[in-house]
Enquirer: 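Can you read through this structure? Questions will come right after.
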Amino acid sequence: MNLYFRNPSIITMDYQFKEIEKNWQQFWADNETYKVDNNSDKPKYYVLDMFPYPSGAGLHVGHPLGYIASDIFARYKRLKGYNVLHPMGYDSFGLPAEQYAIQTGQHPAVTTEENIATYRRQLDQIGFSFDWSREVRTSDPEYYKWTQWIFMQLFNSWYNLEADRAVSIESLVEQFEKNGSSAVKAVSDEDTLVFSADEWKSFSENAKQEELLKYRLTFLKESTVNWCPALGTVLANDEVKDGVSERGGFPVEQKKMMQWSMRITAYADRLLQGLDAIDWPEPLKEMQRNWIGKSTGASVIFPLEKGENSIEVFTTRVDTIFGVSFLVIAPEHELVSSLTTPEYSAGIETYIAQTKKKSELDRMADAKTVSGAFTGSYAINPLSGEKVPVWIADYVLAGYGTGAVMAVPSGDQRDYLFAKHFDLPIIQILDAQKDVEHEADATKEGRYVNSGFINGLTYQEAIPVLIEKLQELGAGKAKIQYRMRDAIFGRQRYWGEPVPVYFKDGLPHLIEENELPLILPEVDKYLPTESGEPPLGRAKDWLYKGEAHYELSTMPGWAGSSWYWYRYMASQADRESNSFAPKSAIEYWKDVDLYIGGSEHATGHLLYSRFWNKFLKDLGYVIEEEPFKKLINQGMIQGRSNFVYRVIDEEGKGTNTFVSYGLKGQYKTSAVHVDVNIVENDVLDLEKFKSFRPDFANAEFVLENGRYVCGVEVEKMSKSKFNVVNPDDIIERYGADTLRLYEMFLGPLEQSKPWNTNGIEGVFKFLRKFWKLFHNDKFEFEVSEGEPTKAEYKALHKIIRKVEEDIERFSFNTSVSSFMICVNELNELKCNKRKILQELVIVLAPYAPHITEELWALLGNEKGSLSYAAYPQFIPEYMVEDEFAYPISVNGKMRMNLNLSLSLEAADIEKLVLENADVQKYLDGKTPKKLIVVKGRIVNIVI
RNA sequence: GCUCGGGUGGUGGAACUGGUAGACACGCAGGACUUAAAAUCCUGUUCGCCUUAAAGCGAGUGCGGGUUCGAUUCCCGCCCCGAGUACCA
């Protein structure tokens, strides 16, 4: 602590952040200052943060970065006269609590509750203006009731391509009853039946249900899943990294399993199109575009030389079809065995065996090696009539497109390498292709050669001709292919939302809406059952109406977060009503105006949320096509680790001596992480170090300039690296306002940066100087009533405009600097005038809400009214200057400044500049070649 | 490989539409106050050269070119760092 505060003569009056902050936080809570109403004449503004998973470790200084930015924005918008919805909650279902439960037997609900309490305490200390009355917790039955309800709506819907939206499953049944399956244009499974209306009516009820399941937007499907035996669960593709689970790093294998899925692919195109209409960072949109992976091309059917079968391929370059010299199908392709001739079966079998042995990792690492095997069979090019050999190779993926490609070695480098390796023909197809014997040339320029009826045409001309021909022959058609898969929607886990489904005759049925929520049952252990069923299999007597079995898997982590922003729209009273949010509230708040969060959610949460939002819109429950109008990614705060250097003796053993960073070159040393909290400005606190670990108690040091300097490295912030900085400690020492300002001062919001507490003193000093503007030398509150000078008005209005501009473009760091400049200027001017200071208090309020509330009250305003005061009006007249110090540059190099009246026109300036004695020195008697005068900006003399 | 960011003093960073590069802050150095320390205040601080000093000169925003009276900013080529993604047909 600062000894300064111990001086009894001043202790009562200097900036007492602890008391001030505690009082105001209490005041805001007692008066529900930030409680927001759904009925208001003011325009609405919705500022949302990505809600946290309440982990056991609590918040570190990286977490609140985005929350501080959004809070500044929310407070600013209130001052600008908006009715601001700024809520917070918890994504409280999740693996860590369950893992902890497995280890300790503690119910996840209990640990989650404790963690939430810690988070809440930490959040409250920072002075956020959240409306806590609207808090949500995804693990609360009153909340997940509605997650389950949305699941039911998805189950009861199908995607009608004609209307291009989701509609009720009843309408599909109607169509089947009227016209059978023929006229239905739907996004569905691939194995749907073809039937007439009469045939439909003759189906048994179970057969009907089985068929409808192929259309429902959430459906059961045998899928190949990423099965993680160690976790006893299925993981989504984005939860698997390099063949191991992202969480825990356990091995993952492919396994077939009945799984709930979400037909997100139905929305692929709308998810892609929608990106153009929203104000999101370009990299993030790009990630979603890549994830959706739309390719426009054609599907082409290559009949086999022998037999009835054919191979369908997808290509984005149907124009290269005359350059096809072989086909390649995936080793897992269903036709492989029938295609393989006895002569080649040994080779094919060996190759398949090889492929199976390769892990996902090996296949990736091995991208350069060419491998494959010939099946012995041939297919016929439908346009040229040529016979082309069919190969298998593991570079063709069974899961993408049709699992088969037409290979064009002259146009595709991968095909080229394959052709070279196995000595297959390389056919040039465009006259603009260069040297196709040497490498592939994927150009679309020039005119076709060796290409039958498209010879002489350009790319643009050839495509429609080819598509038409293929359709005429029944050999293909234009096709759009997506990379995105349907999302698997089940986890073999305990701590998640139960799926509101029971089974009868092996078919899934929804429970009744009035039976929601389906409460998560108690279990004796949080592990899979002996028979390998999910933990819910342990629940005693957990049966629908006492007989039917419930679904035993639970919903994935993203279920509860895919719609939570709508629950916030429901006030506490609204939550009694029978909807996830009242229609009137949704009509008022509409969508999120500003969403701040990390880019790690680019393809998970943000894509699923957009999907559910579009679905809810199709059904008329919400009104906007896109949920998050503007999105900002805050950068990650990295850790900044400190190291001490332990001297190693001749035998290679660590000694008890530690050498300062600058001198470590003279010794053999090993670096040891040291807690950053006992290091200041990279200088180690020796006494604290000795008590840091018992084995350091008798440590000796080799110092430089009397100090021990630590080494530095930027790493992830984590306990094991001793580089975690807790906001509680910062607040204890400097207060929340300093923390808020400093987190912003650190640099641009969107940039990742290491946390370094070194500069915080500067921000703290700023707040004390700001406080001092309102106090005399005896630290008594004192402002004067006089009319401010022009310079004083100018300093104020400069900051009024600057902060406005900065906040609108999310440049919070530059505002903090500008506040410092403003206070330095007012300090210089010895300004303590109410007319200046009162407005300055409002401008600073979003950034430092506590100190400004205190001063606002001291200025005699109604307590707590600052949050809803009016942001001061910028008056440009105060900025008008009549003189300007023109920078005079010679040949583009700045040489001097010349004070000139701003009323002067270019010609006058020119004259005055050339007459100036200093300028003459540079001219050295010569006449300048050119003289550029930009009024109010610069003068450049070219010699 | 592809896509998207980014590269500016000892450090974090500023320079918004092509117009004074290094604001603001940290650190460091020196000084004032003090018995002393802390706190506070003042001065200096891009680098190099020159000078007792004042001042002056030169270089400078990853590297190499270009456009321009003028480039951290625009264009071309390259290097490095970070993120995402991948035999995607």
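All heavy atoms count here, side chains included; hydrogens, waters and symmetry mates do not. Residue numbers start from 1 in every chain, and the chains themselves are labelled A, B, ... in the order their sequence lines are given, proteins ahead of strands.
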Enquirer: Give A/V934 one of three labels, base, sugar-phosphate or nothing, depending on what nucleic acid heavy atoms sit under 4.0 Å from its own.
Expert: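 Answer is base: heavy atoms of A/V934 come under 4.0 Å of a base.
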Enquirer: B/rA89, B/rC16, B/rC24: which one has an atom nearest the side-chain heavy atoms of A/R809?
Expert: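 Of the candidates, B/rC16 comes closest.
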Enquirer: Using the six-membered ring wherever Trp is involved, compare the ring planes of A/F422 and A/F418 and label them parallel, tilted or perpendicular (cut-offs 30° and 60°).
Expert: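 Rings of A/F422 and A/F418: tilted, as their planes differ by 30° to 60°.
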Enquirer: If you restrict it to nitrogen or oxygen atoms, what contacts under 3.5 Å exist between nucleotides 54-59 of chain B and the protein, and what is each distance?
Expert:
{"from": "B/rC57", "atom 1": "OP1", "to": "A/Y922", "atom 2": "OH", "distance (Å)": "3.4"}

Enquirer: A/R937 has an atom CZ; how far is it from atom C1' of B/rA15, in whole Å?
Expert: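 That distance rounds to 12 Å.
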Enquirer: Does the pair A/K420/A/D415 count as a salt bridge with the N-to-O cut at 4.0 Å?
Expert: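 Salt bridge between A/K420 and A/D415, a charged N being under 4.0 Å from a carboxylate O: no.
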Enquirer: As a test of reading the structure: which of B/rA89, B/rC88, B/rA25 is closest to the side chain of A/V396, going by heavy atoms?
Expert: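 Looking only at side-chain atoms, A/V396 lies closest to B/rA89.
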Enquirer: Using only side-chain N and O atoms of A/Y400, determine if any of them is under 4.0 Å from OP1 or OP2 of B/rA89.
Expert: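 Checking B/rA89 against A/Y400, a side-chain N or O does come within under 4.0 Å of OP1 or OP2.
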Enquirer: How far does the P atom of B/rU43 sit from the matching atom of B/rG48, given to the nearest Å?
Expert: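 It works out to 24 Å between them.
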Enquirer: Looking at B/rC87, does its base get a donor-acceptor pair with the side chain of A/D394 below 3.5 Å?
Expert: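 Flag set: donor-acceptor pair detected.
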Enquirer: Look for any protein N or O under 3.5 Å of an N or O in nucleotides 10-14 of chain B and output each such pair with its distance, or none.
Expert:
{"from": "B/rG12", "atom 1": "O2'", "to": "A/L746", "atom 2": "O", "distance (Å)": "2.7"}
{"from": "B/rG13", "atom 1": "O3'", "to": "A/N813", "atom 2": "ND2", "distance (Å)": "3.4"}
{"from": "B/rA14", "atom 1": "OP1", "to": "A/N813", "atom 2": "ND2", "distance (Å)": "2.8"}

Enquirer: Parallel, tilted or perpendicular: which describes the rings of A/F764 and A/Y15, with under 30° parallel and over 60° perpendicular?
Expert: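 It falls in the tilted class, 30° to 60°.
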Enquirer: Whole angstrom is fine here: how far is it from CG in A/L931 over to P in B/rG70?
Expert: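 It is 14 Å, rounded to the nearest whole Å.
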Enquirer: Using a heavy-atom cut-off of 4.0 Å across all strands, would you classify A/I932 as base, sugar-phosphate, or nothing?
Expert: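 Answer is base: heavy atoms of A/I932 come under 4.0 Å of a base.
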Enquirer: Which is more 5' along RNA chain B, the nucleotide nearest A/V405 or the one nearest A/M894? Just name the residue.
Expert: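 Here A/M894 is the residue nearer the 5' end.
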Enquirer: Using a heavy-atom cut-off of under 4.0 Å over every strand shown, decide if A/E282 touches base, sugar-phosphate, or nothing.
Expert: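 Contact class for A/E282: none.
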Enquirer: Run the salt-bridge test on A/K802 and A/E805 with the 4.0 Å N-O cut-off and return the result as yes or no.
Expert: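 No, no charged N to carboxylate O under 4.0 Å.
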Enquirer: Ring centres of A/F819 and A/Y847 under 6.0 Å apart?
Expert: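 Yes, the ring of A/F819 comes within the 6.0 Å limit of the ring of A/Y847, centre to centre.
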Enquirer: Round to the nearest Å and state the distance from A/Q354 atom CD to B/rC87 atom P.
Expert: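 These atoms are roughly 19 Å apart.
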Enquirer: Once you round it to whole Å, what is the distance between P of B/rG84 and CE of A/M287?
Expert: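 About 7 Å, once rounded to whole Å.
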Enquirer: Touch check for A/S295, heavy atoms < 4.0 angstrom, all strands: base, sugar-phosphate only, or nothing?
Expert: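 Result for A/S295 = sugar-phosphate.
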Enquirer: Looking only at atom types and distance, does a side-chain atom of A/S889 sit under 3.5 Å from a main-chain N or O of A/R895, one as donor and one as acceptor?
Expert: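 Here the side-chain-to-backbone pair does not exist.
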Enquirer: Out of A/V763, A/D737, A/V61, which residue meets the side chain to side chain contact (heavy atoms under 4.5 Å, CB included) rule with A/Y742?
Expert: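 The single option meeting the side chain to side chain contact (heavy atoms under 4.5 Å, CB included) with A/Y742 is A/V763.
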Enquirer: Please state whether the base of B/rC26 and the side chain of A/N758 form at least one donor-acceptor pair under 3.5 Å?
Expert: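 By the distance-only test, no, there is no pair.
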Enquirer: Does A/E825 pair with A/K798 as a salt bridge, N-O distance under 4.0 Å?
Expert: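 Salt bridge present between A/E825 and A/K798.
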Enquirer: Checking contacts here: which listed nucleotide (B/rA89, B/rA25, B/rU20) is nearest the side-chain heavy atoms of A/I938?
Expert: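 The answer is B/rU20, which lies nearest to the side chain.
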Enquirer: I'd like to check A/V676 versus A/W755 (side-chain heavy atoms, cut-off strictly below 4.5 Å). Are they in contact?
Expert: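 No, every pair of side-chain atoms sits at 4.5 Å or beyond.
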Enquirer: What's A/N897 touching, base or sugar-phosphate or nothing? Going by heavy atoms closer than 4.0 Å.
Expert: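 Result for A/N897 = base.
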Enquirer: Are the side chains of A/P281 and A/L631 in contact, using a 4.5 Å heavy-atom criterion?
Expert: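 They are in side-chain contact.
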